[in-house]
Protein chains: 2
Amino acid sequence: MNKTEIQEIIKSHFPTLNKDSVIILSKYASFLNLKKRTELISERKRHHNFYLILKGSAKAYYTKESKEVCSWFAFENEIVATIRAFNGLPSNETIVLLEDSKLLQFKTESIKELANTNIDVSHLLNYIITEHAVFLEEKLYQLQFMSSEERYKALINVAPEILQKVSLTDIASYLGVSRETLSRIRRNK
Amino acid sequence: MNKTEIQEIIKSHFPTLNKDSVIILSKYASFLNLKKRTELISERKRHHNFYLILKGSAKAYYTKESKEVCSWFAFENEIVATIRAFNGLPSNETIVLLEDSKLLQFKTESIKELANTNIDVSHLLNYIITEHAVFLEEKLYQLQFMSSEERYKALINVAPEILQKVSLTDIASYLGVSRETLSRIRRNK
DNA sequence: GAAATCATTTGACAATTGTCACAAAATCAC
DNA sequence: GTGATTTTGTGACAATTGTCAAATGATTTC
């Protein structure tokens with residue numbers, strides 16, 4: 001994939017950017033074709049890139065005492081990053097590809113530097129982090145107000161493809177219930 | 001409180017701002033002295049301001065079928081806003097003062113316009129929303145991995161003043177348990 | 001300061017969910 | 001394809017938490 005194609009992708013995914021910003025951004029972006037189960041970001045390590053999924057999917061999870069809990073899933077056209085890694089700290093989440101995927105990789109440091117002088121890029125980062133915060137608030141809201149059955153139905157309603165791509169074990173932990181409980185929810189229709 | 005004093009406050013709370021940005025920001029800020037129980041932001045309404053608490057405290061809560069669930073508390077030196085209100089949408093949270101408070105009020109629209117041309121301010125907004133996202137992630141992590149007793153202990157460990165300022169009913173909903181359960185947690189030492 | 005209101009605690013009980021053990025089904029590796 | 005591994009489903013039981021009702025304690029209001 002050449003630079004012009006990368007610029008086209010950036011332009012179509014981030015329509016608020018002006019031409020110059022697209023060109024500058026593309027200098028710090030590269031196309032990747034990676035296999036299922038590749039770890040994009042690993043717990044306790046520092047990372048220097050974030051990603052845009054062009055094709056494929058990924059999951060993020062926390063680990064505690066060998067128990068894995070999924071925090072989110074990402075599909076086509078979504079950004080893959082962790083707040084800590086993005087801010088130069090060791091990540092506390094691991095992100096792994098759920099299938100063979102095509103990605104655009106961005107150099108975090110370069111993009112952040114860019115944001116120091118380019119207000120277009122600063123706004124883009126602002127937008128991305130706001131989207132993530134909105135997602136987190138919605139998730140907390142659902143945990144507080146909805147039963148596990150309602151949360152399950154809401155999830156497969158907004159993202160039915162999740163059932164094809166994600167194991168029920170991961171969906172259960174994402175919803176905040178045990179595998180067995182999810183299994184029973186699914187049995188009751 | 002005059003403009004110079006307001007500028008001093010802004011400077012000390014947001015040390016990344018350069019002098020010019022402080023002066024511009026201060027034009028859209030005003031000092032407020034408000035009574036306990038004043039609603040800074042109300043559910044289903046659009047709002048045009050956000051706040052910095054100079055003295056006092058506030059709580060944010062969601063309502064569903066007359067059930068209130070606290071989403072956060074804010075004390076001195078903290079920002080008070082909701083993501084939806086900040087983006088011009090009707091808020092789905094209500095924010096109310098827990099005690100008589102001194103606040104700095106900022107005009108959201110003006111500050112956002114400022115962020116369009118002033119990269120200093122754009123970074124400041126970026127920082128604020130990132131802090132909030134980090135808070136939300138930590139809260140989700142605790143809900144997934146910690147028992148209600150551990151969450152209670154963690155809360156009074158990082159913010160012991162909360163017991164003086166917030167009702168146990170509100171703390172219980174914040175922790176995601178019923179007030180009866182919190183009462184029993186507290187009884188067991 | 002007395003009455004009224006609100007917040008907290010408690011007990012009894014029910015509902016939900018987690019845990020464990022194991023079976024069945026699906027997927028993977030060779 | 002076949003055996004091995006992983007994932008999913010199930011039942012029995014225990015633990016946690018929610019709900020309801022009532023009592024106590026604290027605070028507010030006039």
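Proteins get letters first, then strands, A, B, ... in listed order; numbering begins at 1 in each. Remember, predicted model here, so these are calculated numbers, not experimental data.
In this structure, B/F73 and B/Y174 have tilted ring planes: the angle between them lies in the 30° to 60° band. Note: A/H132 and A/F135 have parallel aromatic rings, judged against thresholds of 30 and 60 degrees for the angle between ring planes.
Rounded to an integer number of Å, the gap from B/N188 CG to C/dG11 C1' is 14 Å. A straight line from CD of A/E65 to P of C/dG18 spans 17 Å, rounded to a whole angstrom. Regarding B/K35, its NZ atom lies at a distance of 15 Å from the C1' atom of D/dT28, rounded to whole Å. D/dT16 atom P lies 11 Å from atom CD1 of B/I185, rounded to whole Å. Distance, B/L143 CG to C/dT17 P: 15 Å, rounded to whole Å. Regarding B/F145, its CZ atom lies at a distance of 16 Å from the C1' atom of C/dG18, rounded to whole Å. Straight-line distance from the CD atom of A/E180 to the P atom of C/dA23: 16 Å, rounded to whole Å. Atom CZ in A/R184 sits about 11 Å away from atom P in C/dT19, given to the nearest Å.
Of the candidate nucleotides C/dG18, D/dT28, C/dT9, D/dT28 has the atom nearest to the side chain of B/K36.
Close to C/dT9, at under 4.0 Å from its OP1 or OP2, lies a side-chain N or O of B/R186. Residue B/S148 places at least one side-chain N or O closer than 4.0 Å to OP1 or OP2 of D/dT17. An OP1 or OP2 oxygen of D/dT17 is reached within less than 4.0 angstrom by no side-chain nitrogen or oxygen of B/R151. Phosphate contact (OP1/OP2 of C/dT10, side-chain N/O of B/R187, threshold under 4.0 Å): present. Checking the phosphate oxygens (OP1, OP2) of C/dC28, no side-chain nitrogen or oxygen of A/R37 falls inside 4.0 Å.
Ion pair B/K165/B/E161 not flagged as a salt bridge, since none of the NZ, NE, NH1 or NH2 atoms sits closer than 4.0 Å to an Asp/Glu carboxylate oxygen. Under a 4.0 Å N-O distance rule, the pair A/E149/A/K153 qualifies as a salt bridge. One finds no salt bridge joining A/K36 and A/D100 here, because no Lys/Arg side-chain nitrogen approaches an Asp/Glu carboxylate oxygen to under 4.0 Å. A salt bridge links B/E8 with B/K11: the distance from a Lys NZ or Arg NE/NH1/NH2 to an Asp or Glu carboxylate oxygen falls below 4.0 Å.
Listed in residue order, the members of residues 159-179 of chain A having a heavy atom less than 4.0 Å from DNA chain D are A/S167, A/L168, A/T169, A/R179.
Taking for each of A/S147 and B/L182 the nucleotide of DNA chain C with the nearest heavy atom, the 5'-most of the two is the partner of B/L182.
Using a 3.5 Å distance cut-off with no hydrogens or angles, the side chains of A/S26 and A/Q7 do pair a donor with an acceptor.
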